[in-house]
2 protein chains.
Amino acid sequence: MPTTPAHAKPRSSLRGRPAVTSHAEIEQAAFRLFVTKGFEATTLDDIGEAIGVGRRTITRYYPSKNDIPWGQFDRTLDGFREILRAMPEGLPLHEAVHRGVLAFNDFPADASPSHRDRMRLILTTPALQAHSVLRYASWREVIAEYVAERTGTRPDDLLPQTVGQVALALALTSYQAWLADEDASLPHLLDATMAHLRSYVSA
Amino acid sequence: MPTTPAHAKPRSSLRGRPAVTSHAEIEQAAFRLFVTKGFEATTLDDIGEAIGVGRRTITRYYPSKNDIPWGQFDRTLDGFREILRAMPEGLPLHEAVHRGVLAFNDFPADASPSHRDRMRLILTTPALQAHSVLRYASWREVIAEYVAERTGTRPDDLLPQTVGQVALALALTSYQAWLADEDASLPHLLDATMAHLRSYVSA
DNA sequence: ATCTTTTTGACCCCGAGTGTCATTAATGTG
DNA sequence: CACATTAATGACACTCGGGGTCAAAAAGAT
């Protein structure tokens with residue numbers, strides 16, 4: 001998985017003034033400040049000062065302060081789509097989606113802000129909790145499209161939308177528990193919430 | 001259900017300068033502007049001007065512009081709690097929760113911004129979609145507490161949290177479909193999403 | 001050396017949110 | 001009635017995020 005964020009255009013030519021910073025540099029400097037000073041207390045000027053760049057430059061790299069912690073998320077959605085497409089046809093739908101979610105959340109352990117730290121920041125900061133809904137929407141859409149394809153419906157029909165929303169619900173619950181328990185395993189928690197759901201609706 | 005928002009303190013005495021406006025007046029004036037000019041394009045000054053009041057007064061009545069469309073939502077949570085508490089013990093858990101959600105969403109048809117208009121604004125405006133997660137959290141907590149009580153667990157255990165998240169997922173899916181289809185019935189859609197979920201996980 | 005391309009930084013303005021404080025408008029008391 | 005008390009408002013100032021504009025900077029291309 002490339003570390004280059006989606007915003008980075010392939011740079012049509014090598015002409016022109018070279019970029020003095022990068023998405024990665026901003027993200028890492030920002031992240032350090034977020035965890036030490038707190039997200040709200042960190043201003044864009046702080047981040048700019050930390051890497052010797054103006055505030056206006058930061059806002060050109062990221063559409064908003066809220067988008068910085070998510071980093072290269074958009075990129076990973078293409079991977080998610082492929083994961084789902086590669087699922088065996090014979091698998092029951094809920095099993096396929098569940099395995100897809102598991103695979104999607106199998107992150108490399110060497111990420112620069114660790115996956116856990118990033119998710120902790122996102123899931124415990126109110127402003128980021130709120131903003132993330134907009135990110136989740138495209139994640140849900142990937143699932144809805146897959147379900148629609150497998151069931152011969154349209155992505156905005158009731159079943160695909162329901163499955164997308166529910167899958168997100170389970171993932172969020174699992175992440176929450178994962179952050180609360182220092183030595184919990186995310187895959188295990190994803191299995192557990194799914195198991196709870198199944199027993200819940202069929203009790 | 002009283003129309004007085006949660007912010008309104010009972011006014012300890014009748015002394016002092018009388019309030020020149022009210023939460024209700026602000027909400028209705030704001031709502032009219034939101035639907036005509038759009039949420040983003042409506043400034044707090046616009047709202048203040050519409051009811052002859054300063055911008056600072058608006059921000060004292062509502063903690064943020066995003067909170068205005070929700071109106072008296074917090075109040076209704078107490079009602080939700082009672083609805084759930086009144087459910088027959090014998091009912092299967094998922095049935096009890098489902099009926100609770102149905103009852104909670106049985107709104108009087110004469111509300112001032114109609115329930116549908118309010119939900120359309122909230123669910124189609126990105127800033128409000130994002131902000132609303134924070135409201136949903138307390139709604140989910142009501143469900144989690146009920147589930148915890150019935151299953152002898154704690155509200156932050158995995159099952160109650162899962163049920164809370166999933167119930168919200170179903171409700172949001174239903175609302176989305178309700179807004180998309182002019183003559184759809186919300187209760188019917190809530191039933192339908194629940195049915196889809198059941199067949200999905202047990203297929 | 002000059003032209004072209006691209007990024008940066010320096011301004012600009014706007015709107016939300018928040019703190020402070022004098023002013024206003026009511027009630028209660030002598 | 002005059003005066004103290006209480007509570008809400010309005011005016012002002014400030015910070016921060018977001019975004020538009022444009023000249024300057026720094027590279028490659030000719």
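Throughout, a chain's letter reflects where its sequence line sits, starting with A, and its residues are numbered from 1.
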Presence of A/Tyr62 side-chain N/O under 4.0 Å of D/dG17 phosphate oxygens OP1/OP2: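 Checking D/dG17 against A/Tyr62, no side-chain N or O comes under 4.0 Å of OP1 or OP2.
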
Nucleotide nearest [X] when distance is taken to its side chain, options [options]:
{"X": "B/Arg15", "options": "C/dG17, D/dG18, C/dT27", "result": "C/dT27"}
{"X": "B/Thr43", "options": "D/dT5, C/dG15, C/dG17", "result": "C/dG15"}
{"X": "B/Arg55", "options": "C/dA16, D/dT5, D/dT9", "result": "C/dA16"}
{"X": "B/Arg17", "options": "C/dG9, C/dA25, C/dA16", "result": "C/dA25"}
{"X": "B/Arg60", "options": "D/dG10, C/dT4, C/dA10", "result": "D/dG10"}
{"X": "A/Pro18", "options": "D/dA27, D/dG17, D/dG20", "result": "D/dA27"}
{"X": "B/Arg56", "options": "D/dA8, C/dT20, D/dG18", "result": "C/dT20"}
{"X": "B/Thr57", "options": "D/dT9, D/dG17, C/dT8", "result": "D/dT9"}

Pair A/Glu145 + A/Arg81, salt bridge at N-O below 4.0 Å: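 Looking at A/Glu145 and A/Arg81, the cut-off is met.
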
NZ/NE/NH1/NH2 to OD/OE distance under 4.0 Å, B/Glu27 and B/Arg118: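 So B/Glu27 pairs with B/Arg118 through a salt bridge.
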
5' priority, DNA chain C, between A/Gly54 and B/Thr42 [closest heavy atom]: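 The answer here is A/Gly54.
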
Aromatic plane relationship, B/His115 with B/Phe107 - under 30° parallel, 30 to 60° tilted, over 60° perpendicular: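 Correct class here is parallel.
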
B/Tyr136-B/His131 aromatic ring centre distance below 6.0 Å: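 No, too far apart.
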
Sugar-phosphate, base or nothing in reach of B/Thr59, heavy atoms under 4.0 Å: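 Since a base atom lies under 4.0 Å of B/Thr59, the category is base.
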
